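Right, one structure below, let's go through it.
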Amino acid sequence: EVLKYTGKQNLSGDVREKAVKYLDTAYENNNDDLYRKNSINEITTEDKIKEIKLDNILIGGVIRLYPINEYLIIEDYKSLDKQIHIFNKKEFKHITSIAKKGQGPGEVANIGYIGIDEVNRRFYVSDHGKQKIFIYQIDSIILNPSYMPQTKMKMDEKLFPSEYTYINDTLCIGRIIKPIGNTDYKPFIAKWNMNTEEIKPMKYENKKIEKKRINFALSKEYSIYAECYNNYDLITICDINGNLRYNIYGPNWSYSPNKNSYYNNAIFCKDRLVVSFIGDDKDSYLPNKLIVFNTTGDYIKTLKTGYNISNFCFDKENNRIIMSLDDTIQLAYLDLNEILN
């Protein structure tokens, strides 16, 4: 009975106690499992965060940031007009805005994730209203304000990518959503072929998780990806074929989902994994800390930002994190030249 225990059976008494003790011992003896203690290397970075002031462009409160080549895309989910704003990434000067909200030609009805292809200087926009993914050429947009995107593919509303890293047309890796009924869904990490629409789930899935809610980050350079759990104090790192590298259990790890939120967003900054973290801060609904790991899952440090972070991205050319904040300032950046060394 102990060996068959899965965490879902209703065991009780000494059988459950033995099962939990057995699994705890097995986890700690497993080379794939790492245990992160409470943050012991906290650094206050509030004074290093620099506000970004935009040129008379009104941006809503729910946005997502995407770097592409020398540009920064700001996606405005709540806009009733144009939903994508393009800026010079170095100085944050506004260049143009596109993707008017609507059902007409060239319009986007219900905007979703934006996939970035820096090699070919283009990006893909998911429209969950029209159930299509549109392709935009960045240089053509800048030259032609009336640019019309092409349809790349239709999406299956019963199984679709919610966010992903574009590698090429036949290989994207990301979070796939499978709706369950009218109110629930199951997310999982998979390889996705844009041309054939084939979806191949990754091999590894943590069996301790009852209800999975995750964010995702991928490093092309190191050929690994990270699943960061919203409702468990857990990060899973795998290679790009779905083979487990490490499970990183935090100090608040438990077998059941927690009411607290833990990891909100994740990005790779060169050889560092940076995740935004809420944890035990019950006074905040958004994270104000960034936890830094290396590519082998070791805890490095915690950055205390002093601001509520709703989204962030890595600007590799300028070696900085650009952040969307729900705070006294809306947009800011954090230079990493000294902080992540």
Side-chain angles (χ1 to χ4, degrees), residues 52 63-76 82-99 108 111-127 132-145 147-153 161-175 189-195 215-226 239-240 265-274 295 311-324 331 333-337 340:
I52 298 170
I63 65 176
R64 191 160 188 164
L65 308 171
Y66 305 88
I68 175 170
N69 305 104
E70 63 266 39
Y71 304 107
L72 173 69
I73 293 174
I74 298 181
E75 181 181 24
D76 187 349
K82 295 181 178 179
Q83 302 168 89
I84 295 175
H85 308 282
I86 299 174
F87 293 81
N88 173 289
K89 190 169 62 177
K90 186 175 182 180
E91 299 173 345
F92 305 107
K93 299 295 184 182
H94 179 249
I95 297 172
T96 190
S97 297
I98 60 169
V108 179
I111 198 165
Y113 189 74
I114 297 178
I116 302 298
D117 176 7
E118 286 200 305
V119 173
N120 296 297
R121 299 177 66 84
R122 62 192 180 192
F123 57 92
Y124 299 90
V125 177
S126 296
D127 185 340
K132 292 180 180 180
I133 293 179
F134 295 105
I135 182 171
Y136 293 78
Q137 293 287 342
I138 187 76
D139 296 317
S140 298
I141 293 167
I142 292 169
L143 290 172
N144 179 14
Y147 176 86
M148 294 286 287
Q150 295 179 327
T151 298
K152 174 62 179 177
M153 60 176 289
S162 63
E163 62 180 74
Y164 57 92
T165 297
Y166 177 94
I167 299 174
N168 55 56
D169 273 9
T170 61
L171 179 59
C172 299
I173 297 175
R175 181 179 63 183
I189 305 301
K191 293 181 178 180
W192 170 51
N193 186 320
M194 272 190 172
N195 288 342
N215 286 289
F216 157 84
L218 182 138
S219 169
K220 296 181 186 179
E221 183 179 1
Y222 291 92
S223 299
I224 56 175
Y225 69 84
D239 67 27
I240 58 172
N265 293 118
I267 55 174
F268 278 97
C269 302
K270 299 179 180 177
D271 62 346
R272 294 289 186 262
L273 171 65
V274 180
T295 55
N311 187 246
F312 63 103
C313 68
F314 178 50
D315 173 6
K316 61 180 181 291
E317 284 78 16
N318 297 296
N319 197 31
R320 60 190 177 186
I321 290 175
I322 303 174
M323 297 177 285
S324 164
L331 291 166
Y333 69 87
L334 176 64
D335 193 304
L336 300 178
N337 287 319
L340 290 192

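What you are looking at is a predicted structure, and each value in this text was computed from that prediction instead of being measured.
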Check whether any side-chain heavy atom of Arg175 lies under 4.5 Å from a side-chain heavy atom of Ile189, and answer yes or no. yes
How close do Pro67 and Leu72 get, heavy atom to heavy atom, and via which atoms? N-CD1, 4.2 Å
Please enumerate all residues that pass side chain to side chain donor-acceptor pair (under 3.5 Å) together with Asn215, with sequence neighbours excluded. none
Row check, Tyr333 ring normal vs Arg320 NZ/CZ: under 6.0 Å, within 45°: yes
What one should report as the nearest heavy-atom pair of His85 and Ser97 is ND1-OG, 2.7 Å
Just verifying a value: how many Å separate Ile133 CD1 and Met194 CE, rounded to the nearest 0.5 Å? 5.0 Å
Could you measure the distance from the CG atom of Asn319 to the NZ atom of Lys270? Nearest 0.5 Å is fine. 4.0 Å
Quiz: residues 112-122 side-chain donor-acceptor pairs under 3.5 angstrom, not counting sequence neighbours:
from   : atom 1 : to     : atom 2 : distance (Å)
Tyr113 : OH     : Tyr164 : O      : 3.0
Asp117 : OD1    : Val119 : N      : 3.3
Asp117 : OD1    : Asn120 : N      : 3.3
Asp117 : OD2    : Asn120 : ND2    : 2.9
Asp117 : OD2    : Arg122 : NE     : 2.7
Asp117 : OD2    : Arg122 : NH2    : 3.3
Glu118 : OE1    : Lys316 : NZ     : 2.5
Glu118 : OE2    : Asn69  : N      : 2.4
Arg121 : NE     : Asp139 : OD1    : 3.4
Arg121 : NE     : Asp139 : OD2    : 2.8
Arg121 : NH1    : Glu70  : OE1    : 3.2
Arg121 : NH2    : Glu70  : OE1    : 3.4
Arg121 : NH2    : Glu70  : OE2    : 3.1
Arg121 : NH2    : Asp139 : OD1    : 3.0
Arg122 : NE     : Tyr124 : OH     : 3.2
Arg122 : NH2    : Tyr124 : OH     : 3.4
Arg122 : NH2    : Tyr166 : OH     : 3.2

Examine distances only and state if a side-chain atom of Gln83 and a backbone atom of Ala99 form a donor-acceptor pair shorter than 3.5 Å. yes
Of Ile74, Asn311, Leu334, Ile52, which is the lone residue that meets side-chain contact (heavy atoms from CB on, under 4.5 Å) with Ile322? Ile52
By side chain to side chain contact (heavy atoms under 4.5 Å, CB included) - contacts of Leu171 (at least two apart): Ile167, Asn168, Ile173, Lys191
Who pairs with Asp271 by side chain to side chain contact (heavy atoms under 4.5 Å, CB included), at least two apart in sequence or on another chain? Tyr222, Thr295
Using the benzene-type ring in the case of Trp, are the ring centres of Phe123 and Tyr136 under 6.0 Å apart? yes
Holding to side chain to side chain contact (heavy atoms under 4.5 Å, CB included), I want the full list of residues that pass it with Met148, two or more places apart in sequence or in another chain. Pro105
Test of understanding: with side chain to side chain contact (heavy atoms under 4.5 Å, CB included), list the residues that count as partners of Ser223, not counting sequence neighbours. Ile240
